[in-house]
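Chain naming here is simple, since letters A, B, ... match the order of the sequence lines and numbering starts at 1 in each. Side chains are part of it too, since the values below use all heavy atoms of this structure and drop only hydrogens, waters and symmetry mates. Just so it is clear, the structure is predicted and the values come from calculations on it, not from any experiment.
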There are 2 protein chains.
Amino acid sequence: MAEEAHGLGRHTRQRQQVTALLEETDEFRSAQRLHEMLRARGVPVGLTTVYRTLQILAETGEVDVIRLPSGEHLYRRCSAGRHHHLVCRHCARTVEIPGPGVDQWAGRIALQHGYVDIAQTLELFGTCADCAAQSGT
Amino acid sequence: MAEEAHGLGRHTRQRQQVTALLEETDEFRSAQRLHEMLRARGVPVGLTTVYRTLQILAETGEVDVIRLPSGEHLYRRCSAGRHHHLVCRHCARTVEIPGPGVDQWAGRIALQHGYVDIAQTLELFGTCADCAAQSGT
DNA sequence: CAACTTTCGGAAACGGTTGTCATTATAGTC
DNA sequence: GACTATAATGACAACCGTTTCCGAAAGTTG
Ligand SMILES: [Zn+2]
Ligand SMILES: [Zn+2]
Ligand SMILES: [Zn+2]
Ligand SMILES: [Zn+2]
């Protein structure tokens with residue numbers, strides 16, 4: 001008996017630490033940064049393990065992933081519903097944007113052109129009020 | 001006198017060949033594939049040059065770029081207006097989707113949350129009718 | 001505790017892209 | 001048609017986030 005109900009297999013110290021860290025803030029963060037943060041607080045965890053854990057969490061839908069223009073992946077523990085992200089390109093502060101309408105729009109467009117099995121990627125990048133104020137003066 | 005009015009600087013054989021190849025079809029293609037195609041038809045051009053040329057064309061807006069989930073970039077000569085892309089994930093066949101409404105929607109959302117200087121990425125990936133028929137039987 | 005299985009993690013591999021820099025081509029000017 | 005300043009080329013190496021390898025370590029079961 002015991003465990004499961006969280007997508008991950010065995011209940012290891014490392015995975016606990018990664019998921020715990022993800023719960024702490026609502027910024028999108030990279031695997032490498034999460035790794036650094038864990039090491040900085042004395043948690044001995046390998047980078048490979050962080051990558052693997054995030055991969056599993058992403059597959060099971062427990063975290064959301066976005067890709068920066070540079071190609072690196074950022075991870076975040078989000079709320080349950082379908083949504084898009086409005087992300088500050090400087091500090092990664094994120095606002096969830098409920099966007100069911102976009103899904104419907106995409107499905108309709110795809111059907112019109114005979115495409116099936118549609119997946120859409122919609123992310124909004126901008127500069128948040130704080131970051132804009134900083135660079136402003 | 002002469003040249004210019006096409007974003008590129010000097011008028012070299014290689015750049016002519018790359019732009020000419022881009023005019024030929026309306027699929028999105030990777031830098032490496034474009035390079036292979038040029039070599040295959042006997043045009044001696046280096047991969048680095050293809051990358052650089054595409055970079056310039058992308059910056060000046062003469063070609064559109066999308067990024068596959070794998071991270072590789074695909075390039076295409078598109079029509080002028082603002083649009084999104086409906087791309088077949090198997091054969092890269094592409095339909096342009098005029099979508100001014102999405103811009104406005106994004107701008108409105110961003111403003112609501114105090115974000116400025118917004119950039120949005122919206123692409124639709126699906127399976128086109130032909131590819132669906134093939135895999136279907 | 002012993003036996004078995006999963007996970008860990010350092011190091012090496014990967015893959016698309018970008019940087020380096022000596023060589024070559026281009027486009028104005030004589 | 002030279003001549004020359006300068007931009008472009010391209011083989012090769014470096015980059016960088018990510019993935020794969022595989023022996024060691026830790027979790028789980030009975
Ligand atoms: Zn989210
Ligand atoms: Zn910010
Ligand atoms: Zn386009
Ligand atoms: Zn197709």
Side-chain angles (χ1 to χ4, degrees), chain A residues 1-21 28-60 62-63 65-76 89 92, chain B residues 1-21 28-60 62-63 65-76 89 92:
Chain A
M1 51 146 174
E3 28 53 42
E4 282 303 326
H6 58 344
L8 302 168
R10 285 186 179 172
H11 200 265
T12 67
R13 259 190 309 283
Q14 292 88 339
R15 291 181 178 177
Q16 283 181 56
Q17 294 286 354
V18 173
T19 54
L21 181 52
F28 270 98
R29 282 165 296 180
S30 70
Q32 310 219 41
R33 191 141 109 76
L34 290 166
H35 177 242
E36 279 170 17
M37 293 176 77
L38 288 174
R39 299 297 282 248
R41 62 175 66 176
V43 178
V45 60
L47 179 56
T48 307
T49 299
V50 175
Y51 272 112
R52 260 192 313 243
T53 305
L54 290 170
Q55 202 166 268
I56 295 169
L57 292 172
E59 282 169 4
T60 61
E62 298 186 60
V63 299
V65 190
I66 60 175
R67 271 159 58 237
L68 294 181
S70 71
E72 74 181 337
H73 295 176
L74 304 185
Y75 303 84
R76 178 181 190 257
R89 62 169 65 85
Chain B
M1 52 148 173
E3 29 49 48
E4 281 304 326
H6 58 344
L8 302 168
R10 286 186 179 174
H11 200 266
T12 68
R13 262 189 307 282
Q14 292 88 340
R15 291 181 178 177
Q16 282 183 56
Q17 294 287 354
V18 173
T19 54
L21 181 52
F28 270 97
R29 283 166 295 180
S30 70
Q32 310 220 35
R33 191 140 111 74
L34 291 166
H35 177 241
E36 279 172 16
M37 293 175 79
L38 288 174
R39 299 298 282 248
R41 62 176 64 176
V43 178
V45 59
L47 179 56
T48 308
T49 299
V50 175
Y51 271 112
R52 263 192 311 240
T53 304
L54 289 170
Q55 202 166 268
I56 294 169
L57 291 172
E59 282 170 4
T60 62
E62 297 187 61
V63 300
V65 190
I66 60 176
R67 270 158 59 236
L68 294 182
S70 71
E72 75 180 334
H73 294 175
L74 304 185
Y75 303 84
R76 178 180 190 259
R89 62 169 65 85

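Taking atom CD of A/Q16 as the reference point, atom P of D/dA26 lies 15 Å away to the nearest angstrom. The NE2 atom of A/H11 sits 12 Å away from the P atom of C/dC8 (whole-angstrom rounding).
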Self-check item: Protein-to-nucleotide contact annotation, 5' to 3' order, nucleotides 6-18 of chain D [B base; S sugar-phosphate only; - none; under 4.0 Å, heavy atom]
Solution: BBSBBBB----SB

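B/T60 approaches B/L57 most closely through the heavy-atom pair OG1-O, 3.2 Å. When all heavy atoms of A/S30 and A/E72 are compared, the pair lying nearest together is CB-OE1, 4.1 Å.
Just one residue in the list B/L38, B/I56, B/V63, B/V43 forms a side-chain contact (heavy atoms from CB on, under 4.5 Å) with B/V18, and that residue is B/L38.
Not counting sequence neighbours, B/R15 has no partner by the side-chain hydrogen bond (donor to acceptor under 3.5 Å, both in side chains) test.
The backbone N or O of B/V45 lies less than 3.5 Å from a partner atom in the side chain of B/H35, making a donor-acceptor pair.
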